[in-house]
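This structure is a prediction, so every number in the text was calculated from the model and none was measured. Each ligand, and each atom within it, is numbered from 1 in the order the structure gives. We number each residue from 1, following the sequence as shown.
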Amino acid sequence: MVLDFGGQYNQLIARRVRDNRVYAEILPYTTDLDTIRKNKYKGIIFTGGPNSVFDMSSPHYSREILDLGIPVLGICYGCQLIAWMENGVVSTAPVSEYGKIELTVGKSALFDNIPEKSIVWMSHTDYISSAPEGYEVIATTPDCPCAAMQNTKKNIYAVQFHPEVTHSQYGEQILYNFLYNICGCKGEWVMDSFIDSTVEKLRNQIGDKNVILGLSGGVDSSVAAALLSKAVGKQLTCVFVDQGLMRKNEGDFVEKTFTSLFDMNFVRVNCGDIFLEKLKGVTDPEQKRKIIGTEFFNVFWNEIRKQNDKGYFAQGTIYPDCIESGKGDADVIKTHHNRVKTPEDVEFLGIIEPLADLFKDEVRKVGEKLGIPRELVWRQPFPGPGLGVRIIGEITKEKIELLQNADFVLRDEMARNGYERNMSQFFCVLPDVKTVGVMGDHRTYDNLIIIRAVTTDDFMTADWARIPYDILAKVSNRITNEVKGINRVVYDITSKPPATVEYE
Ligand code: XMP
């Protein structure tokens, strides 16, 4: 268990533990001791945090946690907290350490296979000036007399630096040593065991009741649906709202996937016409977004009301949706679009979020194991309002069709050339622009299509993708030939910032 005291690297710690094939879950520091006792953890990691242990408004924990007989590793704030709880001395460091610092280690099971001197990542203003009784200093830096300490009798270890970040040269080995040498973990956690244990948990929880899930066709809700289908089959009903703003053939593909590969009740609500009616004459991007979002939930909740069954409500919430990065406090759980608020008149037995502990790439691995087609599991991000924000100006049926057809050509050509997985996101945009062209002996006055393609790690910044000219030439040629009503194709060569990925 990773006990979260609000540090910025908490998700990363859990990630690194799982990379060692050991399951880790993150719990807020407000979790009571009984829960920890009951869950029979093999080890506990106290995370870092932005506070000072001697500020009593900062997160603390009952010192009994150190007497449970469970090995503990404290990191940064977690390290100081252990010293403070055990009556050591924590004070403001005369020199704060920030960045890469040289560490000297002594003998400890935590430092097996680590050279005496190495580089670690430090970020602290307080430090342990005197280790508690029963604790032995096992590492130092030039400005930190206690950069790590241990109490081998109680199996408690603490490090002032951050082993979880890659700047710490042997951080991975330190976590490995804690998990394997100290906690005695076996490294048996793989996606198969996650699937088996989750399916069992879901069966126990749901019993003979029903579950309803809103399926968007995105990765998270699809994987949640497949897991629930494996657990309870026909007791699961998936409601798929097709607002008519998806990519070409996408609605049919989602329907075919879930009706042919998985055992469940599948309800597709085709409501493109209602959306178009609501969007008539609307050109303001924010208003469009609002209408699409509101209408989506109106349709969804109406369908749920029709189902008339008080069962469970399932969502594809994943870990990064649950906890706002850098805040371990239970009070700051984010209201994310994946955490849907249910209307007052719709009652459920409870909410089920089977993926709430997983990171995106883990969700994809589970999806692959469950047999969801790769096309869906590796799907590029697609905005909630769909093509609605890729059509500038008023949205009409004709424009949707034009954009779907052009976008289909781009995707088809990228797939044929093996570029589908190499680029973070690519799509077509239909701006509200017509230009003059020539076709045979005639002049035309037709639509312009923009190709947008980006590479990025996190979507916060992005570079425009260098699609080879030959592929661009083919795409342009095919779009102008195959999609009636388009006579010009342009390629967007702007990075983010200053532009964004989407156009509205
Ligand atoms: P921007 O345009 O902000 O896009 O650079 C960054 C990423 O977010 C996606 N995006 C959205 N996703 N609803 C969503 O679910 C939206 O309204 C929305 N707008 C942008 C975008 O596709 C890109 O991956």
Checklist entry - Against heavy atoms of P385, which atoms of ligand 1 measure under 4.0 Å? => result 13 (N), 16 (C), 17 (O)
Next on the checklist: Checking side-chain contact (heavy atoms from CB on, under 4.5 Å) between F258 and each of F266, F253, F240, which is the one that passes?
Outcome noted: F266
Checklist entry - Would you say ligand 1 has an N or O under 3.5 Å from any N or O of V501? => result yes
Checklist entry - Can R411 be said to sit on top of F426's aromatic six-ring, NZ or CZ under 6.0 Å from centre and within 45° of the ring axis? => result no
Checklist entry - According to the interplanar angle, ranging from 0 to 90°, do the rings of W301 and F297 count as parallel (below 30°), tilted (30 to 60°) or perpendicular (above 60°)? => result parallel
Checklist entry - Hey, are R478 and E413 close enough for a salt bridge, meaning a charged N less than 4.0 Å from a carboxylate O? => result yes
Checklist outcome for this item: Out of E502, R452, K496, the nearest non-hydrogen contact to atom 6 (C) of ligand 1 is supplied by K496
Checklist entry - What about G384: any of its N or O atoms under 3.5 Å from an N or O on ligand 1? => result yes
Checklist entry - At a 4.0 Å threshold, what atoms of ligand 1 neighbour a non-hydrogen atom of P381? => result 24 (O)
Item to check | Numbered atoms and elements of ligand 1 in range of F459, under 4.0 angstrom, heavy atoms | outcome: 23 (C), 24 (O)
Checklist entry - Which is it for A462 and ligand 1 at heavy atoms under 4.0 Å: side chain, backbone, both or neither? => result neither
Checklist entry - Below 4.5 Å, heavy atoms only, C-beta onward: do I195 and V366 meet side chain to side chain? => result yes
Checklist entry - Taking the six-membered ring of F408, is NZ or CZ of R247 closer than 6.0 Å to its centre and within 45° of its axis? => result no
Checklist outcome for this item: Restricting to heavy atoms, the pick from R289, R390, Q380 nearest atom 16 (C) of ligand 1 would be R289
Checklist entry - Does F359 have its ring centroid less than 6.0 Å away from the ring centroid of Y319? => result yes
Checklist outcome for this item: Per-atom filter on ligand 1: closer than 4.0 angstrom to a heavy atom of Q425 are 21 (C), 22 (O), 23 (C), 24 (O)
